[in-house]
There are 2 protein chains.
Amino acid sequence: MSASQLPAKSNAEAAPIAQFQRIKSSRAFDEIAAQIRTELSSGRLTVGNRLPSERALSEQFGVSRNTLREALRSLEHAGLIRLQKGARGGAFISQHSGEAIATGLMDMYHVGTIQPAQLTEARIWLESVVVREACRRATAADIEMLNRNIDEAQEARRRGDFAGRAERHIEFHRMLARLTDNPIMVIVMNGVLDVLTHFVQRIGEYDNSFVLPSRRRFMEYFAAGDAEAAVAEMESCLKRLQRSYMSRIQASEGVSATKAAPRSRRSPPAAQR
Amino acid sequence: MSASQLPAKSNAEAAPIAQFQRIKSSRAFDEIAAQIRTELSSGRLTVGNRLPSERALSEQFGVSRNTLREALRSLEHAGLIRLQKGARGGAFISQHSGEAIATGLMDMYHVGTIQPAQLTEARIWLESVVVREACRRATAADIEMLNRNIDEAQEARRRGDFAGRAERHIEFHRMLARLTDNPIMVIVMNGVLDVLTHFVQRIGEYDNSFVLPSRRRFMEYFAAGDAEAAVAEMESCLKRLQRSYMSRIQASEGVSATKAAPRSRRSPPAAQR
DNA sequence: CTCCCCATTTGGTCCTACCATTCTACATTT
DNA sequence: AAATGTAGAATGGTAGGACCAAATGGGGAG
């Protein structure tokens with residue numbers, strides 16, 4: 001096909017982007033999104049590039065502006081592009097913060113695909129990996145940062161600020177995840193912690209007086225580079241937390257929709273006729 | 001926050017720190033999607049329910065059908081709803097297979113947020129968790145299923161069917177993930193394996209003759225319930241695979257920009273053994 | 001030179017119309 | 001009466017035009 005066209009226009013006014021093809025299948029916007037994804041994975045589009053305007057793109061693809069916008073909506077939701085209004089605005093390839101993954105986990109929790117017990121279970125498993133690798137990489141500055149977080153949590157506790165204390169505790173785990181220096185662990189752990197935060201806020205206060213002493217012991221092992229001891233300390237703390245959660249959820253789940261059935265088959269009992 | 005670094009315009013009163021909240025998107029379809037999500041998390045909408053038609057919904061929300069469709073597009077991409085044409089069609093609350101998360105990981109890989117080395121690294125970490133838990137739960141039927149998979153891979157190898165063999169090998173890991181019986185592990189592992197499959201297809205064939213013998217040893221430990229030995233066997237196999245991948249990627253990507261150097265901590269005198 | 005206003009660009013929304021698909025209900029045939 | 005075929009309605013998908021609001025840059029006023 002027309003491979004070596006090489007326009008090489010030194011214009012560069014809107015976008016030095018490859019020529020898009022006409023779409024064909026059902027759901028044109030799916031194909032459009034797929035084509036743009038292809039451009040991305042091939043490297044012809046990279047972070048920071050600006051796509052042509054909606055009007056220009058719709059003409060290139062040979063579709064209406066409505067259809068093109070639905071394609072852009074899909075890409076924007078995925079975090080691949082960022083839309084900006086105004087004269088020099090448009091669709092910019094964005095850095096993909098992984099927000100879509102966190103949203104996906106949250107959605108799965110909301111529709112009941114993820115049960116609270118499974119959430120805390122996976123969290124414990126992931127955390128053990130995180131702690132082990134974080135311990136392997138942590139610098140003195142990192143350790144100081146973690147200790148500072150514990151101090152802040154203790155201060156919040158002294159003030160009776162339950163929300164602030166919980167926030168510090170969660171932030172502690174986010175820090176550890178970042179220390180792995182692996183975006184997959186960071187993103188997944190962030191998502192799991194997001195859901196967990198939501199979950200904790202729903203069930204209200206709980207007994208976590210044992211967390212701070214555990215943190216101190218944890219940091220001892222952690223600073224000494226004893227990864228396995230740190231993992232064990234963290235795991236025992238999290239398992240105790242998990243028991244707190246589960247006992248509370250049994251108490252609070254008498255009224256709210258429990259979504260008990262993990263698999264709800266077709267339900268609509270009746271329709272208007 | 002860097003609020004204290006303002007260039008000191010004629011603003012006499014340096015802004016007292018205040019926790020501002022983001023303005024509500026100002027985009028109608030975002031609010032519509034948020035409202036529907038709220039209905040979902042509150043339990044008023046559950047899997048299998050059918051939303052009103054686009055025309056009816058657009059009237060309820062007081063927006064045009066275009067705007068409503070963009071909201072639905074966002075929800076559909078998230079996997080929360082499934083659109084169906086025809087009479088009695090509409091938007092049905094769907095089971096959320098986690099496809100959005102796999103897509104998100106793939107996108108992150110494509111834009112370079114996830115590097116191949118980080119992909120295989122995280123995969124090894126996750127796999128160790130998966131193997132440990134799968135070993136704890138596997139039934140005789142599960143073990144038979146895994147053995148059958150190995151047989152099929154061996155058969156594919158005999159035929160010289162590289163693609164088929166690779167597919168079986170990947171499927172083996174998906175099976176293990178499912179055995180954890182935890183949707184988070186299943187979804188995340190599926191996503192990571194999707195990206196890995198894509199990555200492997202890109203670099204082409206590689207030396208994996210050691211995989212099948214390792215699988216046999218693995219199954220010995222696994223069937224005996226020796227989780228730690230199984231984990232160690234799998235880890236050593238995966239690390240060897242990783243070296244194969246990395247050597248191949250250096251060969252095929254000699255010139256291509258390999259992004260920025262991996263952030264290396266470890267400047268201060270930290271814990272090192 | 002600085003500052004402010006305005007034309008231009010561009011995403012966000014609305015409207016109307018038409019098409020393709022899918023199912024229901026009725027009519028036709030056997 | 002049962003099986004079959006067909007018309008119609010409901011619904012998502014697409015088209016094309018129009019206008020609004022925000023962001024930008026340039027030109028005019030001071």
Side-chain angles (χ1 to χ4, degrees), chain A residues 11-15 17 20-36 48-94 266 268 270-273, chain B residues 7 9-10 22-36 49-94:
Chain A
N11 193 347
E13 43 156 18
I17 310 302
F20 293 116
Q21 304 172 3
R22 215 89 172 173
I23 52 91
K24 49 186 181 298
S25 93
S26 65
R27 309 245 300 183
F29 57 84
D30 274 342
E31 296 240 350
I32 293 175
Q35 275 196 42
I36 294 180
N49 282 157
R50 170 177 169 272
L51 270 64
S53 72
E54 292 182 353
R55 290 162 178 86
L57 272 178
S58 65
E59 197 171 348
Q60 280 190 50
F61 281 112
V63 300
S64 76
R65 207 177 137 215
N66 278 339
T67 302
L68 181 96
R69 275 178 65 79
E70 296 197 23
L72 293 185
R73 195 63 51 228
S74 171
L75 294 172
E76 188 203 19
H77 179 87
L80 285 174
I81 61 175
R82 166 180 56 88
L83 282 336
Q84 191 171 334
K85 279 203 287 193
R88 295 264 311 262
F92 293 85
I93 308 298
S94 127
R266 313 178 18 122
Q272 72 293 9
R273 177 171 297 242
Chain B
K9 280 287 185 79
S10 56
R22 269 281 174 270
I23 297 301
K24 52 172 184 180
S25 65
S26 83
R27 300 200 297 186
F29 59 83
D30 272 342
E31 299 217 13
I32 292 175
Q35 275 195 45
I36 295 180
N49 282 160
R50 171 177 169 274
L51 271 61
S53 72
E54 293 183 351
R55 291 162 177 87
L57 273 178
S58 65
E59 197 172 346
Q60 279 189 47
F61 281 110
V63 299
S64 77
R65 215 182 129 207
N66 272 343
T67 302
L68 181 100
R69 275 177 64 80
E70 296 196 22
L72 293 185
R73 196 64 52 225
S74 171
L75 293 172
E76 189 203 17
H77 179 87
L80 286 174
I81 61 175
R82 163 180 58 86
L83 280 342
Q84 192 172 336
K85 275 203 288 193
R88 291 206 12 185
F92 294 85
I93 308 298
S94 145

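Predicted, not measured: the structure shown is a model, and the values here were computed from it.
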A:Arg50 side chain vs A:Gly89 backbone, donor-acceptor pair below 3.5 Å: yes
Rounded to the nearest Å, what distance is computed from the CD atom of residue B:Glu54 to the C1' atom of nucleotide C:dC14? 15 Å
Rounded to the Å, how far apart are A:Leu51 CG and C:dG11 P? 10 Å
OP1, OP2 of C:dT9 versus side-chain N and O of A:Gln84: anything below 4.0 Å? no
In whole Å, I'd like the distance from the CD atom of A:Glu70 to the P atom of C:dT13. 13 Å
Would you list the protein and nucleotides 6-8 of chain D atom pairs, both N or O, that sit under 3.5 Å from each other?
none

Can you tell me if A:Ser53 touches the phosphate of C:dT9, counting only side-chain N or O atoms and a distance under 4.0 Å to OP1 or OP2? no
To the nearest Å, how far apart are A:Lys85 NZ and D:dG25 P? 17 Å
Taking the side chain from A:Arg69 and the backbone from B:Glu70, do they hold a donor-acceptor pair closer than 3.5 Å? no
From CZ of A:Arg88 over to C1' of C:dT9, roughly how many Å is that when rounded to an integer? 11 Å
Salt bridge check, B:Glu76 against B:Arg82: does any charged N sit closer than 4.0 Å to a carboxylate O? no
Approximate separation, where rounding is to 0.5 Å, of A:His77 NE2 and B:Asp30 CG: 10.0 Å
Tell me whether the OP1 or OP2 atom of C:dG12 has a side-chain N or O from B:Thr67 closer than 4.0 Å. no
Establish whether the base of C:dG12 is bridged to the side chain of B:Asn66 by a donor-acceptor pair shorter than 3.5 Å. no
For B:Ile81 and B:Ala91 the tightest heavy-atom approach is CD1-CB, 4.2 Å
Taken to the nearest whole Å, CD1/A:Ile32 to C1'/D:dA15 is 13 Å
By the 4.0 Å heavy-atom rule, please label B:Arg82 as base, sugar-phosphate, or nothing. nothing
Hey, could you give me the CD1/CD1 distance between B:Ile93 and B:Ile36, rounded to the nearest 0.5 Å? 7.5 Å
Rounded interatomic separation in angstrom, taking CZ from B:Arg55 and C1' from D:dA9: 11 Å
Quick one: is B:Arg73 getting a side-chain N or O under 4.0 Å of the D:dG13 phosphate, OP1 or OP2? yes
Side-chain donor/acceptor of A:Thr67 to backbone N/O of A:Val63, under 3.5 Å: no
Does A:Arg65 make a side-chain N or O approach to OP1 or OP2 of D:dG17 shorter than 4.0 Å? no
In whole angstrom, what separates A:Arg50's CZ from D:dT24's P? 12 Å
